[in-house]
Each structure stands twice: as C-alpha cells, then as structure tokens.
Q: 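This structure is in structure tokens; I'll ask about it shortly.
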Amino acid sequence: MAATLPRNDELAAQLELLADLSELEGESSFRVLAYRRAATRIRETGGPVAQLALEGKAKSLSGIGATIEGKIVEAIELGEMKALTKRKALVPEEVVRFMHLPGLRPKTARRIWQELGVTTLEELKVAAEGERLRALAGLGATTEAKILKALAETPQDPRESRRLLGAGLPAVLAVVSVLREHPAAVKVSEAGSVRRRRETFRDLDIIATSTDAPALIDYFTSLRWVADVVAKGDTKATVISNDGLRFDLRVVPPESYGNLLQHFTGSKEHNVALREEAVRRGFSVSEYGITTTETGEVFSAEDEEAVYAHLGYAFIPPELRENGGELAAAREGTLPALVGRADLRGDLHSHSTWSDGKATLEEMALAARELGHDYLAMCDHSQRLREGRLEKQWEQIDALNEQLAPFRILKGVEVNIRANGELDLADELLAQLDWVIASVHSSFENDPTGRVLAAMENAHVDCIGHLTGRKIGKRLPSTIAVDRVVEAALATGTFLEINSQPDRLDLRDANARLAGEAGLTLVVSSDGHSTGALGYVELGIAQARRAWLTKKQILNARPWAEIEKLRK
DNA sequence: GCCGTTTTCGGCCCGACTGTTTTCAGTCG
C-alpha cells in the first residue's frame, strides 16, 4: 500500500486557494477560471485523481491539462503545489478572506490591500469605520456599511448554510402542486439544484407561467406556512417558510418557458459549457432564447426538449446537468435511460423495534407494501440480536409472511464490521439469512479499506452498507479507497449500497457513478428506521440517476427470485 | 491554463443588478 495520497477534496481546495490568490494578484482571469474548473472536476470525480496524476492520466479529465497535472504531482510529492507555496508568501493570509465578504471580489479586495495597506480583517473594520475606504474611486459609504455589516455577522462557512435535499424536496414538491391548483397557474416546476436533486441546496426555486402573474404571486406570498416575505414584485417573490426554507417563485412568459426553465435549472457549469459549445456552432444562448449569430434570428420554446433539440441535443435529464459529459452524450445519442423510482421492486435495508427502529416488523412490512414494494429486507443491528433473539425474529417473520403473501419480509441483518475487521455475528447464523449487510459504524479512520475488504471476503456478506460513513455537514467521508473497494466488490460478488438516508446518501453520486462504470450492480436502500423513512428511497434513486445508473444496474429493481440467484 | 468537425493560436457564456457614475466596472447567479 502506497503512502497516503492527497484526497480529491484536498487537491481541489489547493486549486481553489491558488485561484483566490492568483485572482488577488491580478492574474489572467482565464487562468483563474481554469484553476477553478479543474478544482470542480477533481471534486466531482469518483476515483482518486492523485493516483491518475501519478500515472499521467489525470489529463484525460476535461479541464485538466499537463500543467495542472504537474501541480497535482507536486502536491503529492511536496504536500503543496509550488505555485501555491509561492503565492501564499506574497499575499497576507487574511486578505484572502476579504474576498469572501459580499460585494468584495478580487478587484476591490486587491485595491484595499495594495492601495490602502489594509492586511487584516481588523484593519479592514477600522478603515471602514474611519470612512477611509471611500478614498478609493468606485467605493462609497454604502460599500463601507455593507462591509461593516458583514464583519459584524458571525463568519460562516457557506457550505454550512446548505440544507439537505431530504428536507427541501418534499417541501418544494408540495408547493409546486399547491401552486398548480391555483386558477391563474398554467405551468409550474421546481428548478435550480433541487430539480437536479443535488444532495444539498441553498434555496428552493420554482418557475411558473400564469394568466395573471400578480394574482399567483399574491397567493404564493400568503400561503399559511409563509413566515416572512423577503421580496415581492409583479413577477418574482421570495419567502421564508416557518421551518426556515427559502423559496423563490419566478413567473415567466409562456413563449420562453422552456428557455427559462433550462436556464434556471442549471447547473451553472452545465449552462456555461452548453453556451460555449453553442458559440462554436454559431449560436448565442441566453435565458430568453437562442440567437443564430449569422441571421440574428431568435428561437424560444415553451418546453425544454425543444431548446435542447434546437441545439442538436437529446433531452438531458436535470440530474445529469453537471457538465460531467452529458452534453457529448446527448449530442451522440448515448445518454443512459436512467432508473426511476417506479422501477424499484423492494427495499433491502430497514430496521424495526427489534433494534433501533421506531416501528414494529408488521408496521414496516405494511408500509413497504403500501409503497409498492414486493419485499422488504429487515436488517436490524447485529448487536441487538444476540442470544437467540435473531431466531425469535425469524419466527415472527415467518408468521407475518404467511399473512402478507405474496409480499415477503426477508430475513436480514446489518452486521457490524469491528475495528479489527471481524464481523460481530457468527458465520453459522449469517449462513441462514436471506440478506446480509455489513457496515462500519465506528473507528472510521482505523483502516476502513482493509476492514471492508475483509468483510467482503466473507461468503455470507451480500452488501456493504453506507460505505464511507459520511454524515453530510457533520462527518466527512472516511479515507476509504472507494476504487479498491469497487474492484474487490466485483471480484467477490458483493454489492454496494446507495444509502438513502438524507444525511448519508452514501455512496454519493460521483462514487456511485465510478462503481457503475466499473460494472458493479448497486442497491438503493432506505435504511428506514420508521415507516415514513421507507420513502427516502426517492432520494437514493435521485442520486442513482445523478450517477448515470440504469434500471439494469440497480439490484432491487429486480424481483427477489432473481436477486437470490445473483447472490454469491 | 485549457481546448479544437472551420483554429495547436486565439479564443474563453450571458444578462441583471449595484454603486457610483455621466458611460461603466465589478459582482452575482
């Protein structure tokens, strides 16, 4: 095993900082953009980019050329890219943070630093209070006040202000359906990152067309759960719900609804790439229409399909719009037919009151059946099923299965992978089960790769649960080598899970895509601890779609009889 | 610094808003 390589997020962070510093020093904006694009590409790549760079293959990722590949190798060998070390010495540490204040982007931050000699946040505050910033042309009292206000607020990592998709998706879908019922509404859709089903969001965007825009806006701003109306005009309004969610409604003209929905769905990176390619082909794309440069003719459309078609693309599902190769695939007609929620036949990970679940076996089974599942694997935690309790649970399962047939509760377990790599349930018990999930629940940094590889060698382990152990916003993914786990999963016939818990979504999209491309079949499971939580599979399916996965690549899109034959 | 079914050099998305300014640069999404 080689020395630890820098993780993708660490490489991306170095490039982001290099971009910030370069920008402050007045470096070419295109070079800065290249650093940022490379950072995004690295963050969204499922396998270790450092390893690719060592093999000279990082250049195959779009946005990474020979120079940045060289910088990655420097980061591996020296711990830090040389250019970053050099530039850090030239720019006072806190000046970078000027740029993260609203309204202070590199140009202004640089002038405050160089022309006023301000190098710390404290000095910035004093300068603003002393009305010294307005000495710079282009800055006035308003800017000083804005800076003071931002400095007074507790500094916050922007990522922490993002909420979980699991909290926003049901809410935005409910608002969309309420708005659709209004007599003035014609078309209503969620847009933005929530339409792409990104795992977190900042605000929830809704786009609509209407026969009476002000009436629809009035209705929206007076819904009973609205706690605060932040902004309200004739075509646009922003409200905060009583649970703190921020909704934006935008009412647009019907003739260009397709263009606007496309624009406001993003992602930014997708739109930029789409527009760049359009320019090369003689078009100019904006949210209002597609202009043919030669003739000045403007094309607008009521639906998105026509927008993509006009530019020569097949329709691209929102989940794929991240500039991850979807444009080329849509042009060539090779986009995958993505798996959908309706394809699921059952759920292969759930809990009941036999361990830490909130509902009984029967309640869980009935709820699963209600969701349209044909089977539900009951996988209570192994620690709670010792001393004959597992066998007792089987008796109850057998009885229920007689009642509920053809619906079937599968006898399963979520067995713990201990710190030493052993499983905490005996093989002779595991052998009698329909479905065995093995998961790491503690000592995440204690050789997670080795422990999981060992668990996969066990002939009774069908699936590894929540592989990286991350909790979005709370706990980083472990240092587990996902690529090596995927290889071993293929070799041993073990499946990997996309855990649908809103704060897990583990495997995440990029890792699941890597696994799918390697030829692995994945499981989308709820890990539900209550009847309501069984519905989380919608989130897992969304991540599977973001991972470019088809129905064939999802194990539990098959009937149980088929799955049984595919077990090792 | 990256990239190429017109380019290995010469480009690099588009429009709205803001603050400060008589015509625009910088920022934002």
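Computed over heavy atoms, backbone and side chain alike; hydrogens, waters and symmetry mates excluded. In what follows, chains carry the letters A, B, and so on, assigned in the order in which the sequence lines appear, proteins first and then strands, with residues in each chain numbered from 1. All values derive from a computational prediction rather than experimental measurement.
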Q: From A/F220 CZ over to A/L249 CG, what is the distance, rounded to the nearest 0.5 angstrom?
A: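 Separation between the atoms: 5.0 Å.
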
Q: Send over the distance from A/R87 CZ to B/dG1 C1', rounded to a whole Å.
A: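 Atom CZ in A/R87 sits about 12 Å away from atom C1' in B/dG1.
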
Q: Between B/dT23 and B/dT18, how far is it from one C1' atom to the other, in whole Å?
A: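 About 15 Å, rounded to a whole number of Å.
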
Q: A/K471: which residues meet the side-chain contact (heavy atoms from CB on, under 4.5 Å) condition with it, sequence neighbours left out?
A: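 Once residues adjacent in sequence are excluded, the partners of A/K471 under the side-chain contact (heavy atoms from CB on, under 4.5 Å) criterion are A/K474, A/R475, A/D503, A/R504.
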
Q: Is it true that the side chains of A/E10 and A/Q14 contain a donor and an acceptor less than 3.5 Å apart?
A: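 No.
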
Q: Is a salt bridge present between A/E27 and A/R87, judged by a nitrogen-to-oxygen distance below 4.0 Å?
A: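 Counted as a salt bridge, because a side-chain N and a carboxylate O are separated by less than 4.0 Å.
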
Q: Between B/dC14 and B/dC9, how far apart are the two P atoms, rounded to whole Å?
A: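 It comes out at 25 Å once rounded to the nearest Å.
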
Q: Rounding to the closest angstrom, what is the interatomic distance between B/dG26 and B/dT20 at atom P?
A: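 Approximately 15 Å lies between the P atom of B/dG26 and that of B/dT20.
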
Q: In whole Å, I'd like the distance from the OH atom of A/Y35 to the P atom of B/dC2.
A: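 Checked: the OH to P distance equals 8 Å.
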
Q: For a salt bridge (Lys or Arg N to Asp or Glu O under 4.0 Å) with A/E44, tell me which candidate from A/R508, A/R513, A/R546 qualifies.
A: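 Only one of A/R508, A/R513, A/R546 forms a salt bridge (Lys or Arg N to Asp or Glu O under 4.0 Å) with A/E44, namely A/R508.
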
Q: Using a strict cut-off of less than 4.0 Å between a Lys/Arg side-chain nitrogen and an Asp/Glu carboxylate oxygen, indicate whether A/R470 and A/E199 qualify as a salt bridge.
A: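 Between A/E199 and A/R470 there is a salt bridge, with a charged N closer than 4.0 Å to a carboxylate O.
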
Q: Centroid-to-centroid, A/F283 to A/H310, below 6.0 Å?
A: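 Yes, they do, as the ring centres are separated by less than 6.0 Å.
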
Q: How would nucleotides 3-15 of chain B be written as a contact map, 5' to 3', with B for base contact, S for sugar-phosphate-only contact and - for no contact, using protein heavy atoms under 4.0 Å?
A: S--B-----BBBS

Q: Rounded to the Å, how far apart are A/I42 CD1 and B/dG1 C1'?
A: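 In whole Å, B/dG1 C1' and A/I42 CD1 are 13 Å from each other.
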
Q: Under the rule syn = chi within 90° of 0, otherwise anti, which is B/dT6?
A: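 Chi for B/dT6 falls in the anti range.
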
Q: Once you round it to whole Å, what is the distance between C1' of B/dG29 and NZ of A/K236?
A: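 Taking NZ of A/K236 and C1' of B/dG29, I get 10 Å after rounding.
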
Q: To the nearest 0.5 angstrom, please state how far the CG atom of A/L549 sits from the CG atom of A/L338.
A: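 Reported value, rounded in 0.5 Å steps: 8.0 Å.
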
Q: Quote, to the nearest angstrom, the P distance that separates B/dT6 from B/dG1.
A: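 Going atom to atom, P in each nucleotide, I get 28 Å.
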
Q: Rounding to the closest angstrom, what is the interatomic distance between B/dC13 and B/dT27 at atom C1'?
A: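 Nearest-Å result for B/dC13 against B/dT27 at atom C1': 16 Å.
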
Q: Considering only atom C1', compute the distance from B/dT7 to B/dC12 and round it to an integer number of Å.
A: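 So the two C1' atoms sit 13 Å from each other.
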
Q: Can you measure A/L133 atom CG to B/dG19 atom C1' for me and round it to whole angstrom units?
A: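 It is 14 Å, rounded to the nearest whole Å.
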
Q: If I take atom CZ in residue A/R196 and atom C1' in nucleotide B/dG29, what distance separates them, rounded to the nearest angstrom?
A: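 A/R196 atom CZ is separated from B/dG29 atom C1' by 12 Å.
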
Q: Identify whether the distance between the nearest side-chain nitrogen and carboxylate oxygen of A/D20 and A/R36 falls below 4.0 Å.
A: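 Yes, this pair counts.
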
Q: May I have the distance from A/L18 (atom CG) to B/dC2 (atom P), rounded to whole angstrom?
A: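 Taking CG of A/L18 and P of B/dC2, I get 12 Å after rounding.
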
Q: Rounded to the nearest Å, what distance is computed from the CZ atom of residue A/R250 to the P atom of nucleotide B/dG29?
A: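 From A/R250 CZ to B/dG29 P: 12 Å.
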
Q: Under 3.5 Å for both donor-acceptor distances, Watson-Crick or wobble: does B/dT8 have a partner, and if so which one?
A: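 No nucleotide pairs with B/dT8.
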
Q: Reading DNA chain B from 5' onward, which residue's closest nucleotide shows up sooner: A/E69 or A/G138?
A: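 The 5'-side residue here is A/E69.
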
Q: Report, one pair per line, the protein and nucleotides 24-28 of chain B atoms (nitrogen or oxygen only) whose separation is under 3.5 Å.
A:
from: B/dG26; atom 1: O3'; to: A/T108; atom 2: OG1; distance (Å): 3.4
from: B/dT27; atom 1: OP1; to: A/R105; atom 2: N; distance (Å): 2.8
from: B/dT27; atom 1: OP1; to: A/R105; atom 2: O; distance (Å): 2.8
from: B/dT27; atom 1: OP1; to: A/T108; atom 2: N; distance (Å): 3.4
from: B/dT27; atom 1: OP1; to: A/T108; atom 2: OG1; distance (Å): 2.9
from: B/dC28; atom 1: OP1; to: A/G103; atom 2: N; distance (Å): 2.7

Q: Answer yes or no for A/R162 and A/F201: cation-pi contact, defined as NZ/CZ to six-membered ring centre under 6.0 Å and angle to ring axis within 45°.
A: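 No, cation not above the ring by the 6.0 Å, 45° rule.
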
